[in-house]
Amino acid sequence: MKKLQDLASFVAAEFQKSYGRPPRWIAAAPGRVNVIGEHTDYNDGFVLPMAIEFYSVMAADRPVDGREVITLRSTLEPEVATIDLSRPVVPGVPKWGNYPRGVVAGFLARGIQPGGLEVLLHSTVPLGSGLSSSAALEVCTATLLEAVTGSTLDPVEKALLCQKAEHDFAGVPCGIMDQFISALGREGHLLLLDCRTRKTEIVPLQDPSVALLIINTNVKHELSGGEYAERRAQCEEAARNLGVKSLRDVNVEQLEKGKSKMRDLVYRRARHVIGEISRTVSAVGSVRQSDWPAVGRLMYASHVALRDDYEVSCPELDAVVKIAESIGEQGGVYGCRMTGGGFGGCCVALVKASSVDGITKKIASDYKVRTGITATIFSSRPAAGATVLRG
Ligand code: GLA
């Protein structure tokens with residue numbers, strides 16, 4: 001929390017520099033790391049993410065001149081984004097402005113008028129790293145607009161509004177996980193989300209003997225590249241071939257029986273998803289029992305399926321997992337896997353808290369030797385979801 005308060009002070013000072021007065025509202029929303037349950041959300045499956053202590057933060061005030069325009073400045077981008085509320089809100093430039101634009105459009109579609117605003121944005125969520133910087137920005141915008149308008153949305157509706165912003169304004173047909181965890185994260189807890197019923201269950205992760213390490217390969221991932229949409233379509237094809245609504249409705253035996261009804265590629269995609277849904281459910285049981293070696297094995301199995309069946313890993317992510325495996329449980333690593341959409345971005349590792357420093361050094365140096373790239377490695381406790389810090 002201290003970190004967040006410091007961040008709020010920084011953003012308030014930046015707002016003052018840009019607009020010449022203190023902000024009236026400040027809102028924040030976290031990024032996330034997914035512990036397990038990858039590429040299952042758009043298959044009606046389970047996911048087990050946690051919010052991380054990295055945030056998108058917005059400070060705002062009404063414009064002095066009363067204009068019906070939302071002006072957004074960012075500490076990270078040189079261009080100013082504007083949203084003219086007297087016209088239909090559509091995607092535009094700069095590109096980063098499309099996330100807030102999409103959220104504003106969602107509020108307007110519900111008949112909630114945000115009114116003119118001057119906004120200063122700052123984010124500590126690494127961009128394009130599979131830690132949901134875009135969902136954090138969307139949920140932060142929605143949380144700010146709730147504070148500004150006094151209209152609090154149901155959290156599920158809020159997450160869906162933000163997901164629609166990503167679909168319609170950023171062109172990424174994402175699932176529901178990222179916006180959900182950014183809106184609903186709970187300090188000290190993982191969030192088990194049933195993406196079919198949208199019911200959530202909090203799972204405590206408070207054992208001081210373990211930590212989650214996030215290893216950023218610093219290879220950028222870009223989900224609008226088409227592979228994500230292609231995977232989604234292949235899953236839908238598998239479900240159609242099996243005569244079910246989604247892959248959630250199928251177990252391994254049913255998949256094996258139906259194998260001849262589908263292309264081999266589609267079969268492998270489905271095998272990952274079906275396996276991953278059951279791994280996620282098992283992982284929750286193991287986390288609840290503090291059976292860390294079991295959680296670690298499930299994480300490794302998840303990575304293998306993502307690499308070989310789902311084909312969304314990349315050599316750098318595989319290198320991190322190999323290094324983690326070579327350190328092994330004796331060295332303090334229980335498990336490791338790629339996290340998020342894939343094709344770059346981050347790995348998540350479950351490790352012994354007492355070994356964090358040694359593991360960090362070893363992964364950093366071996367990764368540099370294998371790839372020539374410098375990784376960024378940090379740990380985070382499970383953080384709280386979106387919050388209004390002022391206003
Ligand atoms: C991205 C999407 C999520 C989810 C993951 C893969 O982060 O935004 O909805 O599908 O990829 O698990």
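For the single chain, residues carry numbers from 1 onward in sequence order. One-based numbering, in listed order, for ligands and for the atoms of each.
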Can you tell me if Arg268 has over 12 outside heavy atoms packed within less than 6.0 Å of its CZ?
yes
Does the Gln179 side chain pair with the main chain of Lys158, one donor and one acceptor, at a distance under 3.5 Å?
no
Tyr267 and its side-chain contact (heavy atoms from CB on, under 4.5 Å) partner, picked from Lys261, Glu256, Gln234
Glu256
Could you list the atoms of ligand 1 found under 4.0 angstrom from a heavy atom of Met177?
4 (C), 5 (C), 12 (O)
May I ask you to check whether His272 and Asp308 show a side-chain donor-acceptor distance below 3.5 Å?
no
Angle class for the Phe378/Phe54 ring planes (parallel below 30°, perpendicular above 60°, tilted otherwise)?
tilted
Under 3.5 Å, N or O to N or O, is Asp178 touching ligand 1 that way?
yes
Taking only heavy atoms of Gly175 into account, list the atoms of ligand 1 that are under 4.0 Å away from them.
9 (O)
In ligand 1, which numbered atoms sit nearer than 4.0 Å to a non-hydrogen atom of Tyr42?
10 (O)
Before giving the answer on salt bridge (charged side-chain N to carboxylate O under 4.0 Å, His left out), spell out for Arg269 and Glu237 the whole-Å C-alpha distance, their side-chain angles and the decisive distance to 0.1 Å.
CA-CA 10 Å; Arg269 302 295 192 246; Glu237 184 177 331; over 6 Å; no
Any nitrogen or oxygen of Thr40, main chain or side chain, under 3.5 Å from a nitrogen or oxygen of ligand 1?
no
Under 4.0 Å from any heavy atom of Cys174, which atoms of ligand 1 are there?
2 (C), 8 (O), 9 (O)
Looking only at distances, can you tell me whether any N or O atom of Ser132, backbone or side chain, sits closer than 3.5 Å to an N or O atom of ligand 1?
no
Met338 contact mode with ligand 1 (heavy-atom cut-off under 4.0 Å)
neither
Going by atom type alone, with no hydrogens or angles, which donor-acceptor pairs under 3.5 Å involve a side-chain atom of residues 103-115 and a protein atom two or more places apart or on another chain?
residue: Arg110; atom: NE; partner: Glu157; partner atom: OE2; Å: 2.4
residue: Arg110; atom: NH1; partner: Gly106; partner atom: O; Å: 3.1

N or O contact, Gly37 vs ligand 1, cut-off under 3.5 Å:
no
Are there more than 12 heavy atoms of other residues, nucleotides or ligands under 6.0 Å from atom CZ of Arg67?
no
Proximal ligand 1 atoms for His39, defined as those under 4.0 Å from one of its heavy atoms:
6 (C), 12 (O)
When you measure from atom 3 (C) of ligand 1 to each heavy atom in Leu131, Asp41, Ile181, which option holds the nearest one?
Asp41
Answer yes or no for Arg231: is there a heavy-atom contact with ligand 1 below 4.0 Å?
no
Among Val35, Leu350, Val295, Val210, side-chain contact (heavy atoms from CB on, under 4.5 Å) partner for Val287:
Val295
So for ligand 1, is Arg32 a polar contact partner (N or O within less than 3.5 Å, distance only)?
yes
